[in-house]
Amino acid sequence: MPRKPIEITEKIEYLSILDENANVDTKLEPKLDNDTLKKMYRFMLLGRRTDERMLKMQRTGRLGTFPQASGHEAVSIGSVSAIEKSDWHIPAYRELAGMLYRGWSLEKIILYWNGYEEGAVPPKGVNDLPYCVPVASQLLHAAGVGMAMNIKGDKKVALTYFGDGSSSEGDFHEALNFASVFKAPVIFVCQNNQYAISVPLSKQMNCKTLAQRAVAYGMPGIKVDGNDVLAMYVATKEAVDRAKAGGGPTLIEGLTYRFTPHTTADDPKRYRSEEESKEWFGKEPLTRFAKYLQNKGVMTAKDLEEMEAEVDAEIRAGIERSETLSKSEELMNPLAMFDHLYSTETEHLKEQKEELRQYLEHKKKGKKQQNHTAHPEVSSAK
Amino acid sequence: MPRKPIEITEKIEYLSILDENANVDTKLEPKLDNDTLKKMYRFMLLGRRTDERMLKMQRTGRLGTFPQASGHEAVSIGSVSAIEKSDWHIPAYRELAGMLYRGWSLEKIILYWNGYEEGAVPPKGVNDLPYCVPVASQLLHAAGVGMAMNIKGDKKVALTYFGDGSSSEGDFHEALNFASVFKAPVIFVCQNNQYAISVPLSKQMNCKTLAQRAVAYGMPGIKVDGNDVLAMYVATKEAVDRAKAGGGPTLIEGLTYRFTPHTTADDPKRYRSEEESKEWFGKEPLTRFAKYLQNKGVMTAKDLEEMEAEVDAEIRAGIERSETLSKSEELMNPLAMFDHLYSTETEHLKEQKEELRQYLEHKKKGKKQQNHTAHPEVSSAK
Amino acid sequence: MAGTKEMNMAKAINLALHEALERDENVVVMGEDVGYDEGVFRITEGLVQKYGEKRIIDTPLAEAGIMGTAIGMAIYGLRPVCEIQFSDFANYAFNQMESHAARFRNRTRGQIKTPLVMRMPSGGGIRALEHHSESREATWAHVPGLKVVMPSGPRSARALLHSAIQDDDAVVFYEPKSLYRLFKEEVPDEIETFPIGKAQVVKEGKDLTVVAFGASFRVALDAIETLEEDQDVSIELIDLLSISPMDHATICKSVEKTGRLVVVHEGPRNLGIAAEIIARVNEHAFLSLEAPIKRVTGYDVPMPYFSKEQFFLPDADKVALACIETIKF
Amino acid sequence: MAGTKEMNMAKAINLALHEALERDENVVVMGEDVGYDEGVFRITEGLVQKYGEKRIIDTPLAEAGIMGTAIGMAIYGLRPVCEIQFSDFANYAFNQMESHAARFRNRTRGQIKTPLVMRMPSGGGIRALEHHSESREATWAHVPGLKVVMPSGPRSARALLHSAIQDDDAVVFYEPKSLYRLFKEEVPDEIETFPIGKAQVVKEGKDLTVVAFGASFRVALDAIETLEEDQDVSIELIDLLSISPMDHATICKSVEKTGRLVVVHEGPRNLGIAAEIIARVNEHAFLSLEAPIKRVTGYDVPMPYFSKEQFFLPDADKVALACIETIKF
Ligand SMILES: Cc1ncc(C[n+]2csc(CCOP(=O)(O)OP(=O)(O)O)c2C)c(N)n1
Ligand SMILES: Cc1ncc(C[n+]2csc(CCOP(=O)(O)OP(=O)(O)O)c2C)c(N)n1
Ligand SMILES: [Mg+2]
Ligand SMILES: [Mg+2]
């Protein structure tokens with residue numbers, strides 16, 4: 001009948017491999033071939049440059065509000081590069097780089113943030129879900145996908161993402177618990193950028209690390225330098241291997257920083273200090289990875305420059321395609337809002353579609369007559 | 001940039017003081033005076049006997065379905081006896097003993113389970129909330145009460161309860177997180193009876209202890225022998241003192257067993273083995289506490305017998321009062337269903353109340369005419 | 001009927017589950033206590049023994065978790081049939097259903113679908129606790145993208161459940177729990193489906209139309225039988241069955257004939273299903289209406305604790321009175 | 001007006017919050033980013049600087065947590081005014097609101113009350129993302145025990161918010177976000193309240209009644225002004241303001257005069273607020289009705305992504321057409 005400490009048997013670790021000065025811990029360094037390394041860098045760069053270009057578009061009224069992703073490339077690419085096409089990728093909304101890596105076209109991304117559902121249609125050939133807006137809700141879908149893999153006996157994993165603030169939602173808890181109870185092959189990756197819009201992590205939770213929340217689910221938790229794409233890769237790969245071997249889910253916390261406002265509508269000066277931002281800019285994920293590639297002889301300065309140009313051209317082409325598409329009849333058709341809700345058309349929606357069709361026709365006629373409202377006369381009827 | 005374990009600094013402990021054979025760890029034994037000890041036992045006994053009597057009432061149609069509480073007396077009384085009247089007591093639905101201790105009358109309890117809202121009205125003089133049905137939802141109320149105490153600068157605590165299964169709900173997570181972030185003086189007590197209806201804890205969660213979930217909230221967690229009222233008292237008192245000193249919330253897991261079906265509608269043979277139940281009956285909370293009181297000279301066998309008789313009389317009287325009350329005009333009035341929804345009567349509900357009143361009058365007339373339906377003739381109108 | 005078996009509604013739902021599990025290996029059943037406990041109402045009897053723990057899943061106690069993981073499973077290709085222990089607790093799953101089950105198909109222009117069923121016992125009449133007796137189907141029916149159905153007996157329960165499981169959209173399947181063991185009915189041996197979105201004219205009449213569903217359908221039936229026995233009236237009775245999409249065409253056609261309508265349901269009146277029925281009749285059959293449409297429904301209060309639940313619920317007398325007043329108007 | 005100031009709705013709501021915090025030390029403001037960020041729409045501007053972090057509370061990101069703890073705080077004696085960042089995310093808080101905020105008073109026969117406000121920006125028109133533009137007030141209005149209000153401009157916003165904060169019941173306070181900075185209006189210097197449960201006849205007329213609320217009220221106003229300019233019609237316009245309890249008496253009185261009614265709102269049509277208005281007019285003013293009541297509302301689909309939101313929303317032309325059709329019927 002004593003009083004005694006209970007031993008915590010869950011493994012909670014910290015991992016960093018490539019530091020901000022591009023020093024590498026060679027004992028921990030993953031063995032990746034040059035093509036893979038180049039591909040990883042390329043998509044980090046594509047993500048970054050797309051994000052920057054999108055900001056310019058937004059500022060000139062060519063794009064809606066969107067959550068910027070600059071700074072989140074290592075968390076996204078380090079993890080997504082550790083899964084197969086046939087695995088599942090279930091993002092939140094800061095995985096721009098990872099979505100591009102998975103095959104989401106630039107025009108889809110742009111269409112999405114310009115208010116077209118067509119941008120939410122996953123590309124063929126991969127198992128991806130689109131952006132998810134109600135925070136943490138996607139984690140349950142990932143848990144369910146993982147449970148389904150077990151039921152079907154498929155050796156795959158589901159890789160999913162959430163923000164530090166999102167871990168306060170009940171859905172986070174339920175998702176990690178379901179995944180753990182059913183030993184579902186799910187990797188939960190936290191984009192810990194230390195803020196939920198304006199709310200710092202210290203006001204969001206009262207424990208030292210997000211990773212330690214894994215203790216509550218009997219799963220391994222690992223906190224990773226989220227600006228270190230190699231560490232993110234290693235942590236994810238281990239988790240993937242364990243999951244595929246039946247070892248269940250893992251919680252990965254990637255510590256990083258949002259180099260931008262929360263969205264294009266936000267003003268971070270209200271809640272973050274310039275010094276803090278400056279400090280974190282110094283830990284930027286692309287610079288150190290580029291250095292690493294150069295040090296390792298994978299890419300030369302010239303290669304890097306060429307890649308910039310390539311990426312730039314790719315983005316330009318994507319924007320152009322999105323602008324053409326958004327002017328296409330299909331994408332401009334408002335009547336399509338009734339077409340995809342149910343697997344079969346309902347009488348009720350058919351009526352509403354007809355109502356809108358007639359109204360649009362009436363408007364068109366009105367416009368032709370140069371009379372904006374063009375209402376039929378009522379007085380006679382009175 | 002190494003790989004290293006993260007140290008878990010939250011204190012997670014196990015505590016037991018009075019074992020099933022009534023051996024006591026005198027180093028850990030709380031210093032409680034005889035009156036307090038007697039009171040604790042008395043309410044454990046009152047809870048147990050009430051539960052048993054209610055079962056008989058239910059079996060003979062004098063009570064609705066209810067969740068039995070036998071076995072949960074030590075968790076409830078051990079904790080509730082560690083708070084003051086001015087503190088808050090926010091139960092789930094197995095805290096029968098604790099509610100009686102706080103001053104809920106027997107007739108209220110019985111009225112509640114007989115389908116009268118009047119049984120949910122907290123007694124005067126204490127700060128109690130009624131039974132809560134949607135599991136885990138009450139934990140957020142406790143967190144809010146605790147936050148309010150801090151805002152008002154009141155040195156009080158909120159003591160709240162939930163089941164092991166209920167810890168799977170998102171509300172559990174959000175409540176512990178809010179309480180922790182705001183350092184709210186809240187004690188979260190888990191009635192861990194190892195089952196959520198039929199679902200064993202091993203299918204509910206995948207970690208060894210519920211107490212370790214405290215790690216996810218940066219708060220102390222303690223697993224307690226929940227059939228040991230002394231250990232429950234000590235764990236709670238410590239948590240109360242810490243909370244009142246500004247140290248924030250605590251998670252207490254009381255390991256116990258439901259000596260009964262889940263509710264009177266349940267059949268535990270479907271999911272629990274007889275051996276398991278038998279084993280746990282041996283760990284029953286009242287027997288060992290009675291022995292302890294005798295060993296300590298607080299009560300004699302005769303005292304115990306007398307207390308049985310007293311409690312029996314009290315229950316009989318309570319049942320009688322409840323049956324009188326339930327026949328009172330006030331409690332029988334169906335029109336009261338409209339009276340307490342809003343702080344001021346709305347026109348809309350006034351109309352509906354009048355509609356029901358007229359209908360009841362029509363029914364009464366119909367009965368007098370020995371004609372049950374007594375509908376006015378319609379044919380003339382056609 | 002040739003080739004039928006008599007059974008109660010609990011049994012009929014259980015039968016449909018057995019059949020669906022047998023026919024389609026992608027069907028899984030999940031929820032709190034649906035395994036060895038066989039559900040608190042024993043609706044999942046015999047399932048885990050036959051189909052195993054992989055397909056009959058006792059979940060942790062978390063309704064958002066159940067529906068949220070079911071969405072993931074459905075996206076993966078399964079057809080989860082989820083039990084929410086009481087419809088009252090589905091509140092917790094509202095976000096997953098509204099934000100995702102109702103939207104994935106629309107959001108992805110038809111590419112991703114979420115074929116799942118959220119089964120749940122609902123309504124009063126069994127002397128249950130607070131939060132165990134509400135009928136809030138309107139909450140779900142107001143969500144574009146969900147389908148909501150409610151059977152009124154063994155046969156419609158079994159047929160609608162098959163339809164719901166086979167449907168490619170998310171279906172909320174209300175089970176009026178007071179009917180589980182209230183009466184038996186002939187259920188065909190062959191698997192039968194009822195089209196979601198169609199009401200049934202159960203009985204023709206000419207003086208008045210009554211629309212009801214779920215347990216209220218039985219109440220309406222009783223009322224009408226007594227009324228027609230006692231008095232010289234002829235009442236048409238429609239079993240709504242599908243709450244969303246709603247078959248206003250069938251209702252309006254009937255009202256065009258009778259000119260009068262009474263709607264009966266247990267849920268609260270304010271923004272309840274009857275309101276929408278009235279609005280649609282107003283839109284499509286305004287000129288046929290000879291009297292105001294009467295609503296016999298739950299009141300706009302939470303279901304009172306059970307000592308008074310019978311006063312809250314529609315009963316045959318309330319329905320009969322409303323019918324008479326409407327005919328006499 | 002003597003003693004007024006001109007301001008937009010964002011400012012008017014901010015003013016009400018300042019005033020309420022000043023008058024009653026039990027008022028606290030809580031929500032995601034309501035502190036130093038001053039709210040994503042800057043509605044809580046200047047509050048934390050003036051009233052401190054104890055009363056202006058940046059909460060963790062959890063809507064059930066916000067409303068659930070607010071219930072506890074209200075029970076303790078505070079008057080929490082909670083911001084849900086977008087009404088769409090209130091889904092997560094549905095259980096706490098339905099099971100507890102709406103019930104504590106009733107459950108304890110009036111002994112425990114939960115005076116709290118759930119403020120939330122709602123509706124379309126600002127080119128926002130998915131889940132940032134819905135108008136689902138009917139979901140909350142269907143819950144017995146909640147009150148639901150929606151202002152249509154600066155003055156009603158400030159007055160209704162004071163009423164809501166002073167009310168002893170839980171009030172869902174919808175803020176049509178497209179109106180935040182759309183126009184300015186005179187707001188009296190003195191604190192003003194509008195009684196919850198009362199609609200306002202904003203403009204008298206004799207040929208037709210139009211009922212609208214929130215952003216749709218502005219749309220209806222536009223439509224009516226143009227119509228009356230262009231044509232010889234006289235339209236009565238009612239600002240509903242209080243969605244639940246609903247002031248059907250005022251509506252019915254108007255319909256008794258005009259014989260015709262059009263209802264305008266952004267939320268989906270099926271089981272939307274207009275359905276209940278139609279049902280009540282049917283019940284209370286059936287014989288006055290000379291034409292079917294028209295609904296100009298959102299369609300029964302999720303709000304389309306913003307490139308097409310304008311087609312989903314009621315606009316002045318849609319309202320004008322409905323008015324004409326109703327008058328001509
Ligand atoms: C359920 C829900 N509540 C609120 C929001 C509004 N919102 C969007 S992002 C955000 C902050 C998210 O913070 P975090 O999880 O840390 O992710 P980050 O944006 O920092 O990547 C909030 C409150 C939302 N999208 N979903
Ligand atoms: C939100 C919710 N879901 C489901 C139920 C039905 N229900 C009542 S008790 C119970 C099991 C609770 O288990 P646990 O939390 O371990 O508490 P215990 O009953 O064992 O004390 C369930 C599922 C409920 N009351 N609330
Ligand atoms: Mg963040
Ligand atoms: Mg339990």
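Chain letters run A, B, ... following the sequence lines, proteins first, then strands; residues in each count from 1.
Proximity to chain D (any heavy atom under 4.5 Å) is shown, for B:Lys108, by neither the backbone nor the side chain. Proximity to chain B involves both the backbone and the side chain of D:Asp168, based on heavy atoms less than 4.5 angstrom apart. Both the backbone and the side chain of B:Ala143 come within less than 4.5 Å of a heavy atom in chain D. The contact between D:Lys54 and chain B is made by backbone and side chain atoms together, counting heavy-atom distances below 4.5 Å. Contact annotation for D:Pro144: both backbone and side-chain heavy atoms come within less than 4.5 Å of a heavy atom of chain B. In this structure, the portion of D:Arg280 lying under 4.5 Å from any heavy atom of chain B is its side chain and not its backbone. In this structure, no portion of B:Ala158 lies under 4.5 Å from any heavy atom of chain D. For chain B, the nearby part of D:Phe104 is the side chain; its heavy atoms alone come within less than 4.5 Å. For D:Ala70, no part sits under 4.5 Å from any heavy atom of chain B, backbone or side chain. Only the side chain of D:Asp167 comes within less than 4.5 Å of a heavy atom in chain B; its backbone stays farther off. Within the 4.5 angstrom heavy-atom criterion, no atom of D:Ala249 approaches chain B. Only the side chain of B:Glu351 comes within less than 4.5 Å of a heavy atom of chain D; its backbone N, CA, C and O stay farther away.
Checked by atom type and distance alone, the side chain of D:Asp169 pairs as donor or acceptor with a backbone atom of B:Ser343 at under 3.5 Å. Judged by distance alone, with hydrogens and angles left aside, the side-chain atoms of B:Tyr342 form no donor-acceptor pair with the main-chain N or O of D:Pro245 at under 3.5 Å.
Of all the heavy atoms in B:Ala120 and D:Thr108, the pair that sits closest is O-CG2, 3.6 Å. What you find for B:Ser137 and D:His100 is that their closest heavy atoms are OG-NE2, 2.8 Å. In this structure, D:Ile66 and B:Phe178 approach most closely via the heavy-atom pair N-CZ, 3.6 Å. The shortest non-hydrogen separation linking B:Asp339 to D:Arg105 is O-NH1, 4.4 Å. Considering every non-hydrogen atom in both D:Ile112 and B:Pro130, the closest pair reads CD1-CD, 4.3 Å. The shortest heavy-atom contact between B:Glu117 and D:Asn106 is CG-O, 4.2 Å.
Here the OG1-NE2 distance, from D:Thr114 to B:His141, works out to 9.0 Å after rounding to the nearest 0.5 Å. The CG atom of B:Leu140 sits 10.0 Å away from the CG atom of D:Asn95 when rounded to the nearest 0.5 Å. Annotation: the span from D:Ile196 atom CD1 to B:Thr346 atom OG1 amounts to 12.0 Å, rounded to 0.5 Å. We find the CZ-CG distance between D:Arg107 and B:Leu341 to be 11.5 Å, quoted to the nearest 0.5 Å.
Residue-environment remark: NZ (B:Lys152) exceeds the threshold of 12 foreign heavy atoms within 6.0 Å. A 6.0 Å sphere centred on CD of D:Glu25 holds no more than 12 heavy atoms belonging to other residues, nucleotides or ligands. Under a cut-off of 6.0 angstrom, the local environment of CD in B:Glu84 is sparse, with at most 12 non-hydrogen atoms contributed by other residues, nucleotides or ligands. By the 6.0 Å contact criterion, CD on B:Glu330 is open, its count of non-hydrogen atoms from other residues, nucleotides or ligands being 12 or less.
Contact tally against chain B (heavy-atom pairs below 4.5 Å) for D:Gly110, D:Gly77, D:Ala62, D:Gly145: the top residue is D:Gly145. Between chain D and the residues B:Asn177, B:Asp154, B:Ile90, the most heavy-atom pairs under 4.5 angstrom are made by B:Asp154. Contact tally against chain B (heavy-atom pairs below 4.5 Å) for D:Gly72, D:Gly197, D:Ser99: the top residue is D:Gly72. In terms of heavy-atom pairs under 4.5 Å with chain D, the best-connected choice from B:Met149, B:Met337, B:Gln138 is B:Met149. In terms of heavy-atom pairs under 4.5 angstrom with chain B, the leader among D:Arg55, D:Met67, D:His248 is D:His248. Chain B forms more heavy-atom pairs under 4.5 Å with one residue of D:Lys147, D:Lys113, D:Arg109 than with any other, namely D:Arg109.
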Let's go through D:Glu63 and B:Glu174 carefully: what are the C-alpha distance in whole Å and the side-chain angles of both, what is the deciding distance for side chain to side chain contact (heavy atoms under 4.5 Å, CB included) to 0.1 Å, and is it a yes or a no? CA-CA 9 Å; D:Glu63 290 74 12; B:Glu174 298 188 15; over 6 Å; no
D:Thr69/B:Phe182 under side chain to side chain contact (heavy atoms under 4.5 Å, CB included): CA gap, chis, key distance, verdict: CA-CA 11 Å; D:Thr69 56; B:Phe182 294 104; over 6 Å; no
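Annotation: side chain of D:Met246 is not in contact with side chain of B:Glu347 (no heavy-atom distance under 4.5 Å). For the pair D:Arg103 and B:His340, the minimum side-chain heavy-atom distance is 4.5 Å or more. Residues D:Leu78 and B:Ile151 meet the side-chain proximity criterion, which asks for heavy atoms closer than 4.5 Å. In this structure the side chain of B:Asp171 reaches within 4.5 angstrom of the side chain of D:Gln96, judged on heavy atoms. Within the 4.5 Å cutoff, the side chain of B:Asn127 has no heavy atoms near those of the D:Tyr76 side chain.
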